[in-house]
**Q** 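Just dropping this structure here.
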Amino acid sequence: MIMSNSEIQELKSSLSITVVAKRLGLSVERGHFRCFFPERHANGDRTPSVSINEEKGYFKCFVCENVKGDVISLVQMYLGISFAEALKWLKGDAPSIKRDMQKSTAQKPKKQENSERPKFFKEKVIFDFLNLLSPIPPNSKAAWWLAKRHIYKPVWDKVLLRLMDDYHRTSRELLAKYSLEDLQYAGLFNNQGILRYGRHPIIIPYIDEQHRPFFFQARAIEKDVVPKELNLQKAIPFPYNKEVLDGKPGIVYLCEGAIDTLTLLGHNFTAVGVPGVNSFKPEWVEMFKNKKVILCLDNDAAGRASEARISAMLQEAGLETHSFGLLPEGEDINSWFASRQS
Ligand SMILES: [Zn+2]
């Protein structure tokens with residue numbers, strides 16, 4: 001792709017450097033973002049040193065001599081790519097990040113046809129995303145958070161839990177690999193071009209028998225984050241920990257949410273989870289073939305109503321169901337185990 005000087009100028013003037021910075025995954029606040037070289041700054045540049053001049057389309061760090069430039073240098077520097085690649089990246093994205101954002105959001109963006117992308121494209125993107133993340137590091141905040149819920153290393157290794165410990169790097173690497181449209185299509189990026197799950201660092205993949213990730217749930221570990229869980233923006237394909245639904249006779253515990261499922265697994269129960277009380281789908285019934293199902297949804301009004309509904313569906317298919325029946329009013333699996341062991 002060769003662009004003339006005037007074409008490059010036109011591209012630059014059509015873009016908001018602030019929107020591009022945000023799209024790169026930088027958190028821009030009051031016209032500033034943190035420097036790419038936090039080690040050169042006091043406190044890892046906790047008070048952002050790079051200022052943006054939106055009018056002039058320019059950015060500049062007031063400490064680092066070489067951290068400055070226009071929107072093209074910003075993309076080059078942040079993604080570590082060449083000038084030509086940065087142009088390509090900006091051009092590919094250009095239509096949806098024009099200065100007149102108002103106008104472009106008013107005209108609904110054209111829906112990408114599913115058929116334009118290969119089969120299992122979403123799953124491939126999810127797979128690549130998970131590969132960018134690290135396993136839960138021992139003694140990390142996430143490890144302690146899990147341990148408090150009776151979920152330990154053997155379980156989190158087995159179910160391939162992942163931690164997004166470097167949000168900006170993950171965002172950057174995804175954008176270097178895929179177009180924003182592809183990442184939005186896969187449900188990882190939002191309409192503003194920002195990687196979701198910034199405050200939900202524990203990533204819980206839904207994997208099938210062949211260990212292919214079809215879906216994931218992201219979990220917050222800080223107390224003030226609402227909601228605590230974020231699902232990938234995509235239909236939930238099957239219950240969590242589906243691999244235990246192998247068609248062989250046996251007992252399976254059905255509980256609410258992946259975290260409860262992991263707590264049960266940690267106590268050697270064979271368990272599967274439904275992501276929310278109302279997310280059990282009729283087409284999942286046949287996956288429970290030959291199983292005796294013990295329902296242990298939360299003992300609150302919503303949980304009990306859902307339990308009755310799921311139980312009716314399973315029984316209609318000839319399956320035996322029981323209620324766990326041990327949870328006191330208002331409790332869930334986690335609080336129950338916690339109260340029994342402490
Ligand atoms: Zn700097």
**Q** Is it the case that Y253 and K291 place a side-chain donor and acceptor less than 3.5 Å from each other?
**A** no
**Q** Counting distance only, does the side-chain N/O of E320 pair as donor-acceptor with the main-chain N or O of K292 below 3.5 Å?
**A** no
**Q** If you draw the axis of the six-membered ring of F127, does the NZ or CZ of R212 fall within 45° of it and under 6.0 Å from the ring centre?
**A** no
**Q** Run the salt-bridge test on E222 and K141 with the 4.0 Å N-O cut-off and return the result as yes or no.
**A** yes
**Q** Say whether, by atom type as modelled, one donor and one acceptor occur between the side chain of N139 and the main chain of A143 under 3.5 angstrom.
**A**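 Flag not set: sc N139 to bb A143 has no pair under 3.5 Å.
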**Q** Would you indicate whether E286, at its atom CD, is surrounded by more than 12 heavy atoms from other residues, nucleotides or ligands within a distance under 6.0 Å?
**A** no
**Q** Are any of the side-chain heavy atoms of L230 and R196 separated by less than 4.5 Å?
**A**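 Yes; the side chains approach each other to less than 4.5 Å.
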**Q** Of all the heavy-atom pairs spanning A218 and I203, show the shortest one and how long it is.
**A** CB-CD1, 3.7 Å
**Q** Kindly confirm or rule out a cation-pi arrangement of K68 over Y58, judged by NZ or CZ under 6.0 Å from the six-membered ring centre and within 45° of its axis?
**A** no
**Q** Within a strict 4.5 Å, meaning less than it, do heavy atoms of the L24 and S171 side chains meet?
**A** no
**Q** Does E316 have more than 12 heavy atoms from other residues, nucleotides or ligands lying within 6.0 Å of its CD?
**A** no
**Q** Counting only heavy atoms not in K289, do more than 12 fall under 6.0 Å of its NZ?
**A**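 Counting neighbours around NZ of K289, 12 or fewer heavy atoms of other residues, nucleotides or ligands fall under 6.0 Å, so no.
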**Q** Measure the acute angle between the ring planes of F216 and Y197, then classify it against the limits of 30° and 60° as parallel, tilted or perpendicular.
**A**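 Taking Y197 first and then F216, their aromatic rings stand perpendicular (interplane angle over 60°).
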**Q** Is the count of non-hydrogen atoms from other residues, nucleotides or ligands lying under 6.0 Å from N5 atom CG greater than 12?
**A**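 Counting neighbours around CG of N5, 12 or fewer heavy atoms of other residues, nucleotides or ligands fall under 6.0 Å, so no.
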**Q** Under a 3.5 Å threshold, yes or no: a donor from one side chain and an acceptor from the other, between Y206 and N241?
**A**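 There is no such pair (donor and acceptor under 3.5 Å, judged by atom type) between the side chains of Y206 and N241.
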**Q** Would you list the atom pairs, donor with acceptor, under 3.5 Å between side chains in residues 154-164 and any protein atom, with sequence neighbours excluded?
**A**
{"from": "D157", "atom 1": "OD2", "to": "K153", "atom 2": "NZ", "distance (Å)": "2.7"}

**Q** Using distance alone, with no hydrogens and no angle criterion, decide if T263 and D260 have a side-chain donor and acceptor under 3.5 Å apart.
**A** no
